[in-house]
Amino acid sequence: MHSPETASKLALFRALKPSGRKVVMLTAADYPCARLLDEADIDIILVGDSMGMVTLGFADTVDVTLADMVHHTRAVRRGVTRALVGADLPFHTYETPQQAVESARALMEAGADAVKLEGGISMLPQIRAIIAADIPFIGHIGMLPQSVREEGGYKKKGRTSDQAAKLLDDASAVDAAGAMAIVFEGIVAAVAAEMTRAIRCPSIGIGSGPDCDGQILVTADLTGAFPWFRPPFARARGDVAGEISRAARAFAEEVRGNGEVALVEPSHSR
Ligand code: KIV
């Protein structure tokens, strides 16, 4: 049973696709980022397991744990009053329907409004169990980052007609199961457009062309906060890394420079 406030946010969200308004989704892993995104009127703030790379320093998402996700979901929840908060079920935490529901409940108790897991038809028992437990669910199909080691890299999906047909079947099945939205990651644009037309819930694209019902980016890619890697489809609209480096170097210069620096204004003590 959702709170009246969450129920009304979910109802407003469901009205977006029929009204033609695009869904805007970004990731956050900490309080200040979540609060800034909420204040910027973002529709869904996702505590994505991409934080494994951009926050925790892992090579991929595979080593992120449920405890990591719970910890960061709590921090994000504290910063958000308006948007919906989504949270990723990390790798190996939804092997069975029962485990999926238990892991999803842990994220909901940490403050998520919805959970997301990767996979289509092969994950239907888990997806149905989550939805039957009254937990709002976001699907994720196409390129699946949790399978990167198995697949030997991040590979674009939908290049062959067999792949396109399988993606369409996956999207239709996840939609029919009752997903509130489905992330389409790394899918050939024309295929993503066709899948978008075929489903009732909104598609949220990432590297899948302009014709999805909404778009998501990893916020560090958008703000330029992770300069060591950015996927080719993500255009940075900021230079947070440059600003941090500039401020740190300016501070170091002041401290090491002439030794006359007022490090803290008297009124700024904490
Ligand atoms: O973990 C994540 O940030 C995601 C998005 C890239 C869709 O799943």
Side-chain angles (χ1 to χ4, degrees), residues 22-30 33-34 37 42-66 68-73 75-76 80 83-94 103-104 107 110 112-120 123 127 136-149 151 153-157 167 170-171 174 179-187 192 195-196 201-209 212-223 225-226 229-236:
K22 295 271 185 182
V23 179
V24 185
M25 192 163 163
L26 283 170
T27 64
D30 59 33
C33 181
L37 298 185
I42 299 309
D43 298 309
I44 305 185
I45 298 173
L46 177 72
V47 189
D49 60 0
S50 57
M51 78 156 117
M53 289 94 91
V54 300
T55 303
L56 302 178
F58 292 128
D60 52 41
T61 63
V62 171
D63 293 317
V64 175
T65 65
L66 187 61
D68 291 332
M69 292 304 302
V70 164
H71 181 69
H72 288 271
T73 299
V76 166
V80 177
L84 286 163
V85 173
D88 272 345
L89 288 170
F91 194 47
H92 284 325
T93 66
Y94 50 95
S103 303
L107 295 177
D113 296 312
V115 302
K116 172 166 85 58
L117 66 72
E118 296 182 9
M123 284 295 149
I127 293 170
F137 175 74
I138 301 171
H140 186 153
I141 63 182
M143 202 275 289
L144 305 179
Q146 292 175 8
S147 306
V148 62
R149 294 188 194 171
E151 296 201 356
Y154 297 102
K155 311 243 163 83
K156 191 100 182 167
K157 294 292 155 76
L167 287 167
D170 280 336
V174 174
M180 59 179 273
I182 308 176
V183 169
F184 288 178
E185 180 159 4
I187 297 175
M195 292 158 66
T196 296
C201 73
S203 65
I204 319 285
I206 175 161
S208 300
C212 297
D213 298 307
Q215 296 288 333
I216 176 165
L217 279 182
V218 173
T219 298
D221 296 336
L222 173 73
T223 61
F226 194 80
F229 173 78
R230 188 167 65 242
F233 57 80
R235 182 165 63 82

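Note that ligands are numbered from 1 as they come in the structure, with each ligand's atoms numbered from 1 the same way. Quick note: numbers below take in every heavy atom, side chains included, and nothing from hydrogens, waters or symmetry partners.
- In terms of protein heavy-atom proximity, atom 8 (O) of ligand 1 is nearest to Lys116 NZ, 2.7 Å.
- Residue Val183 touches ligand 1 through its side chain alone, judged by heavy-atom distances below 4.0 Å.
- Of all protein heavy atoms, the one lying nearest to atom 1 (O) of ligand 1 is Ser50 N, 2.9 Å.
- Remark: Asp68 CG to Met51 CE distance equals 6.5 Å, nearest 0.5 Å.
- At a 4.0 Å heavy-atom cut-off, ligand 1 does not touch Met51 at all.
- Atoms CG and CE, from Leu167 and Met143 in turn, are 12.0 Å apart once rounded to the nearest 0.5 Å.
- Residue Gly48 approaches ligand 1 through these ligand atoms, each under 4.0 Å from one of its heavy atoms: 1 (O), 2 (C), 3 (O).
- Among protein heavy atoms, the minimum distance from atom 6 (C) of ligand 1 is reached at Ile206 CD1, 3.6 Å.
- Going from atom CD of Glu118 over to atom CG of Leu89 covers 10.0 Å, rounded to the nearest 0.5 Å.
- In Ile204, neither the side chain nor the backbone holds a heavy atom less than 4.0 Å from any atom of ligand 1.
- Of the candidates Leu46, Leu26, Val54, the one placing a heavy atom closest to atom 5 (C) of ligand 1 is Leu46.
- If you look at Thr61 next to ligand 1, there are no close heavy atoms at all, none under 4.0 Å.
- Interatomic distance, CE of Met180 versus CD1 of Ile44, reported as 4.0 Å (0.5 Å rounding).
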**Request:** Any chance you could lay out the side chain to side chain contact (heavy atoms under 4.5 Å, CB included) test for Asp88 and Leu107, step after step, and finish with the verdict?
**Result:** CA-CA 8 Å; Asp88 272 345; Leu107 295 177; 6.0 Å; no

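- To the nearest 0.5 Å, atom CZ of residue Phe184 and atom CD1 of residue Ile206 are 13.5 Å apart.
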**Prompt:** Ile45 and Leu84: side chain to side chain contact (heavy atoms under 4.5 Å, CB included), yes or no, with the steps?
**Reply:** CA-CA 6 Å; Ile45 298 173; Leu84 286 163; over 6 Å; no

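- Of the inter-residue distances, the one linking Leu26 atom CG with Ile42 atom CD1 reads 4.5 Å to the nearest 0.5 angstrom.
- Looking at ligand 1, you won't find any N or O of Thr27 less than 3.5 Å from one of its N or O atoms.
- Using a 4.0 angstrom heavy-atom cutoff, Met25 does not count as in contact with ligand 1.
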